[in-house]
Amino acid sequence: MPSSVATRSYRLSLEGWRAFQRGAQAQAEALFGQALTLVSTDGTTRYRRAQLFIAQGHDDAALIDLDAALVAQETMPPPLFAAACLDAARLREARHDTVRAIELYHLAHDAFGADQRVVESATRALTRLGAL
């Protein structure tokens with residue numbers, strides 16, 4: 001049974017995601033921050049906040065959260081893990097860290113339960129990079 005702290009963190013993360021989806025970025029950022037104050041290792045919240053940072057053009061901050069999400073793989077649903085790999089790969093590739101980008105594209109491509117769009121995007125990237 002989840003602890004009350006974990007339950008509260010999850011609720012705040014979900015509220016933050018909903019705020020982000022309706023365009024309330026400041027509210028979303030505050031809610032994600034509160035959730036991570038309670039459970040800093042939650043991969044799902046890290047992934048959600050990374051999406052906010054990407055939307056804001058804060059790629060460095062997004063990459064920090066994506067890297068933390070990947071470390072917390074066991075706390076994430078497999079489709080979310082695959083999406084985090086894909087997003088991290090794109091950011092790494094943009095920074096000319098091709099070796100790490102290829103590793104992440106492979107993880108996204110091979111992830112059990114990955115969304116078909118994620119697999120297809122990873123396949124295209126690996127083909128383009130000559131790594132498939």
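Since we're looking at a predicted model, the values are computed, not measured.
Formation of a donor-acceptor pair under 3.5 Å by the T75 side chain with backbone atoms of G43 is found in this model. Counting only distance, with no hydrogens or angles, the side chain of S40 and the backbone of L36 share no donor-acceptor pair below 3.5 Å. With S9 contributing its side chain and V5 its backbone, the two residues share no donor-acceptor pair below 3.5 Å.
Side chains of Q51 and D87 form a contact here, defined as non-hydrogen atoms less than 4.5 Å apart. Counting heavy atoms from C-beta outward, L66 and L91 have side chains that approach closer than 4.5 Å.
Counting all heavy atoms, side chain and backbone alike, L86 lies closest to S121 at CD2-CB, 3.8 Å. Across all their heavy atoms, A6 and S3 have their closest contact at N-OG, 3.0 Å. Contact detail for H106 and A131: the closest heavy-atom pair is NE2-O, 3.1 Å.
Connection of V118 to L129 is established within a shared hydrophobic cluster, with ILVMFWY side chains joined at heavy-atom distances below 4.5 Å, either directly or through further cluster members. Under the 4.5 Å side-chain heavy-atom criterion for Ile, Leu, Val, Met, Phe, Trp and Tyr, I54 and L80 are members of the same hydrophobic cluster.
Exactly one residue among R48, R8, R46 makes a side-chain hydrogen bond (donor to acceptor under 3.5 Å, both in side chains) with S13. That residue is R48.
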**Study point:** Evaluation steps, side-chain contact (heavy atoms from CB on, under 4.5 Å), between D60 and R95
**Key:** CA-CA 10 Å; D60 291 338; R95 287 166 172 65; 2.5 Å; yes

Practice item. I would like to know whether L70 and L104 meet side-chain contact (heavy atoms from CB on, under 4.5 Å); could you show each step before the answer? Key: CA-CA 10 Å; L70 298 179; L104 291 164; 3.5 Å; yes

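Taking the six-membered ring where tryptophan is involved, the planes of F53 and H58 are perpendicular, since the angle between them exceeds 60° and thus also 30°. Between F20 and W17, the two ring planes are tilted [angle within 30° to 60°].
Atom CZ in R92 sits 4.0 Å away from atom CG in L63 (nearest 0.5 Å). One finds the CD atom of Q73 at 3.5 Å from the CZ atom of F81 (value rounded to the nearest 0.5 Å). Between the CZ atom of R18 and the CD atom of Q27 there is a distance of 12.0 Å, given to the nearest 0.5 Å. Here the OG1-CZ distance, from T44 to R49, works out to 13.5 Å after rounding to the nearest 0.5 Å. Within the model, atoms CG of L107 and CD1 of I102 stand 12.5 Å from one another, a figure rounded to the nearest 0.5 Å. Between the CZ atom in F32 and the CD atom in E15 there is a gap of 10.5 Å [rounded to 0.5 Å].
Annotation: R117, atom CZ; neighbour count of heavy atoms from other residues, nucleotides and ligands within 6.0 Å does not exceed 12.
In this structure Y47 satisfies the side chain to side chain donor-acceptor pair (under 3.5 Å) test with no other residue, sequence neighbours excluded.
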